[in-house]
Amino acid sequence: MHRWHARRATRARPATGFVSQPEPRTIGTFARGRQLLAGNYLFAGHLVEAQGTTLWDVPPPDQMWQEETQGCVWLDDLAAVGDPRTRDLAAKWVWAWIDAYGQGTGPGWTPDLTGRRIIRWIHHALFLLRGQDAEASEAFYRTLAHQAIFLSRRWHTTTPGLPRFEALTGLLYAGLSLEGMEAQVAPAVKALAKECRTQVDAQGGIPTRNPEELLEVFTLLSWAAAALSESGQPVDPDHQAAIERIAPTLRTLRHADGGLARFHGGGRGLDGRLDGALAASGVKERMPDGLSMGYARLSAGRTSVIVDAAPPPNGKASGNGHASTLALELTSGRRPLVVNCGSGAVFGSDWRRAGRATPSHSTLSLEGYSSSRLAPRAGREELLDAMPNRVPVQISQAPDGIRFEGGHDGYGRTHGLTHARTLELTFDGRGMAGEDLLVALEGADKQRFDKAMDRVTLQGIPFQIRFHLHPEVDATVDMGGSAISLALKSGELWVFRHDGTLQMALEPSVYLEKGRLKPRATKQIVLSGRAMDYATRIRWSLAKAQDTPISVRDLNREELDLT
């Protein structure tokens, strides 16, 4: 159906030029631009070396590669270099796209990809059109107009959320910028306002609970608002209100190093994108104490802790959700310390599935189980099912800092157990005390626990508490094995300890992130034990030892000045 509308759109009257042109606000990466110029095409976790070969002549390794290339976000990277060679390459690829797909054919004719592509073409039009003859310019404007007409007819078929925001922002850009497209502005403004009302909740969150996706939505809304203002047109109140709700939430989800918390399929975000978007919005407010999009933030000194403190996304929004309830991330200054493995989607279906499981997050899991299970459905995605129904949370002042208390019943159906977690961060940010509790609360829970114990012949329910470490953390088990020293590149030294009731080990882990060919090797701290009774309590701590740059191997436990 999309292809029929795409071909039909190409028969419409084309635009002949720009009425106005929004400023190029998209941020690219200089290094990636140079990489593309050298013929190293890295998209969706696949590297193809094809210098001198047009991007569209490279057989796409998978659908994600197609989506990344067809959206033309690579224009941001080439424009970040901005020299004549990259401009020539960008123009070569754009006009090759026009020749190959401009008649409404090919995989790029979906509303969300078309919106993404229109935004980049308009942002970088001056970069692309410099030195082009009249025939090439006419083809550029004609194809832009055809894509705008296609969007005007098909944007409503996109999935609500980021795909629809991309489609509508692209349509609005086209309506404001291209001659003859003015009639598209009012419908796009009205539709954007409706999406803001229905997709951005009172906490400034979106149904997927993906922080990076929230940043992308926020960025699109900010671009659209700026384009309207520059054209002398008002921003709809619902549109502006959504921007004002999202900005404080993004501040809550930002770690001390400026990166986003990596939950529910999201990454840290492109360098500079978050700070740039927040500055451009002009919104200065911060979220009051409490949850933001289901996340809790503890912050003191140079330390930030972000906790997933709500059930995973449900319904259609759960297609990329993770079983990460009560998982934490901790960053000290500019250095991430405790992380989650992240999304493995760019490395294939097996890594994607592994990254969504509870053991890939810094929290407690029962051996062989996740706090939410994956239920397969038709298509390439799986939905989270049997998720926690109750996730009570309280944030309060502790005697020497701030306290987070939360729990979830994700293991109630299978084992009758509730997982409760307490975190206390000191006022100076130099230490955090943690407690994890597995407890059977009600009579029915105790019966389920007894049945689970019978299945393991009364040997106890095995569990692990994991703390995945960033790849740049140098972890060493101290003498005696009762503590683990964690050295950061900044010279900071943190020490992990526990109450001695469990086995502690330093095991291999992975750090999954976009823009790389394979997962990065790292380590994880694993506390292992068995729940033998209706209540099992585990205490642990992370404390900063000293800030002097020094190798972990040069320190003895007795020299550590824990505060």
Under the side-chain hydrogen bond (donor to acceptor under 3.5 Å, both in side chains) rule, what do Arg117 and Thr114 come out as? Steps first, then yes or no, please. CA-CA 5 Å; Arg117 188 167 54 246; Thr114 300; 3.3 Å; yes
Flag the pair Leu172 / Leu228 as yes when at least one side-chain heavy-atom distance between them is below 4.5 Å, and no otherwise. yes
Working to the nearest 0.5 Å, report the span between CG of Leu171 and CH2 of Trp155. 9.0 Å
Within the structure provided, determine whether Asn320 and Ser343 are in side-chain contact (heavy-atom separation under 4.5 Å). no
Could you walk me through whether Leu417 and Phe463 pass the side chain to side chain contact (heavy atoms under 4.5 Å, CB included) check? CA-CA 12 Å; Leu417 292 172; Phe463 65 86; over 6 Å; no
Can you tell me which residue among Arg262, Lys514, His264 is in a side chain to side chain donor-acceptor pair (under 3.5 Å) with Glu212? Lys514
First locate atom CG of Leu162, then atom OG1 of Thr219, and finally report the distance between them rounded to the nearest 0.5 Å. 10.0 Å
For salt bridge (Lys or Arg N to Asp or Glu O under 4.0 Å), just list the numbers for Asp308 and Arg209, CA-CA rounded to whole Å, side-chain angles, deciding distance to a tenth of an Å, and then say yes or no. CA-CA 10 Å; Asp308 185 356; Arg209 299 193 57 231; 2.8 Å; yes
Ion pair Lys451/Asp454, N-O distance below 4.0 Å: no
I'd like to know if the side chain of Arg530 reaches the main chain of Gly460, judged simply by a donor and an acceptor atom lying under 3.5 Å from each other, with no hydrogens or angles considered. yes
What's the shortest heavy-atom distance between Leu502 and His498, and which atoms? O-CE1, 3.0 Å
Side chain of Arg356, backbone of Ala323: donor and acceptor closer than 3.5 Å? no
Could you walk me through whether Val338 and Leu542 pass the side chain to side chain contact (heavy atoms under 4.5 Å, CB included) check? CA-CA 10 Å; Val338 178; Leu542 264 170; 3.9 Å; yes
Nearest heavy-atom pair of Gly265 and His322: which atoms, and what distance? N-NE2, 3.5 Å
Do you know which two heavy atoms are closest between Leu423 and Gly434, and how far apart they sit? CD2-CA, 4.2 Å
Side-chain (Arg334) to main-chain (Asp257) donor-acceptor, under 3.5 angstrom: yes
Specify the closest pair of heavy atoms between Trp223 and Tyr173, including all atoms of both residues, with the distance to one decimal. CB-OH, 3.3 Å
Quick one: closest heavy-atom pair of Pro313 and Thr208, and the distance? CG-O, 3.4 Å
Mind checking whether Leu250 and Leu260 have side chains closer than 4.5 Å, heavy atoms only? yes
Between Phe218 and Leu278, is there a side-chain heavy-atom distance shorter than 4.5 Å? yes
Go through the steps to decide whether Leu527 and Phe496 satisfy the test side chain to side chain contact (heavy atoms under 4.5 Å, CB included), and finish with yes or no. CA-CA 11 Å; Leu527 300 179; Phe496 179 90; 3.9 Å; yes
Within this structure, what is the NE2-CG distance for the pair His156 and Leu168, rounded to the nearest 0.5 Å? 11.5 Å
Within-4.5 Å side-chain heavy-atom neighbours: Thr363 and His419: yes
Are Arg421 and Asp436 ion-paired here, with the side-chain N under 4.0 Å from a carboxylate O? yes
Determine, stepwise, if the pair Leu438 / Ile538 fulfils side chain to side chain contact (heavy atoms under 4.5 Å, CB included). CA-CA 9 Å; Leu438 282 172; Ile538 309 98; 5.6 Å; no
At what distance, to the nearest 0.5 angstrom, does CD1 of Ile402 lie from CZ of Phe404? 11.0 Å
Please walk me through it: do Tyr369 and His415 pass ring pair (Phe, Tyr, Trp, His ring centres under 6.0 Å)? CA-CA 10 Å; Tyr369 290 83; His415 298 81; 4.6 Å; yes
Find the distance between CD1 (Ile246) and CG (Leu214) and round it off to the nearest 0.5 Å. 5.0 Å
Taking atom CG of Leu215 and atom CG of Leu253, what is their separation to the nearest 0.5 Å? 10.0 Å
For the residue pair Arg430 and Trp494, what are the closest heavy atoms and their distance? O-CZ3, 3.9 Å
Is the backbone N or O of Ala531 less than 3.5 Å from a side-chain atom of Thr536, with the two atoms forming a donor-acceptor pair by type? no
Any donor-acceptor pair under 3.5 Å from Ser370 side chain to Thr358 backbone: yes
Check His361, His255, His468 against Glu329 for a side chain to side chain donor-acceptor pair (under 3.5 Å) and give me the one that passes. His255
Judged by atom type as modelled, is there a donor-acceptor pair below 3.5 Å linking the side chain of Arg120 to the main-chain atoms of Val73? no
Does any part of the side chain of Ile525, heavy atoms only, come nearer than 4.5 Å to the side chain of Trp540, both counted from C-beta? no
Would you check if the side chain of Thr426 reaches a backbone N or O of Gly431 as a donor-acceptor pair within less than 3.5 Å? yes
Test item: Asp428 and Lys544 side chains (from C-beta on) under 4.5 Å apart, heavy atoms: no
Measure from NZ or CZ of Arg497 to the centre of the six-membered ring of Phe467, then state whether that distance is under 6.0 Å and the direction lies within 45° of the axis. no
State whether the side chain of Gln203 and the backbone N or O of Gly294 hold a donor-acceptor pair below 3.5 Å, judged by distance alone. yes
Over 12 non-hydrogen atoms of neighbours within 6.0 angstrom of CD in Glu244: yes
So, His470 side chain and Glu472 main chain: donor-acceptor pair closer than 3.5 Å or not? yes
Tell me if a side-chain donor or acceptor on Asp499 pairs with a main-chain N or O of Arg539 at a distance below 3.5 Å. yes
Classify the ring geometry of Tyr411 against His408: parallel below 30°, tilted from 30° to 60°, perpendicular beyond 60°. tilted
Take atom CD of Gln503 as the centre, draw a 6.0 Å sphere, and report whether it contains more than 12 heavy atoms from other residues, nucleotides or ligands. no
Heavy atoms, side chains only, cut-off 4.5 Å: are Pro359 and Gln464 in contact? no
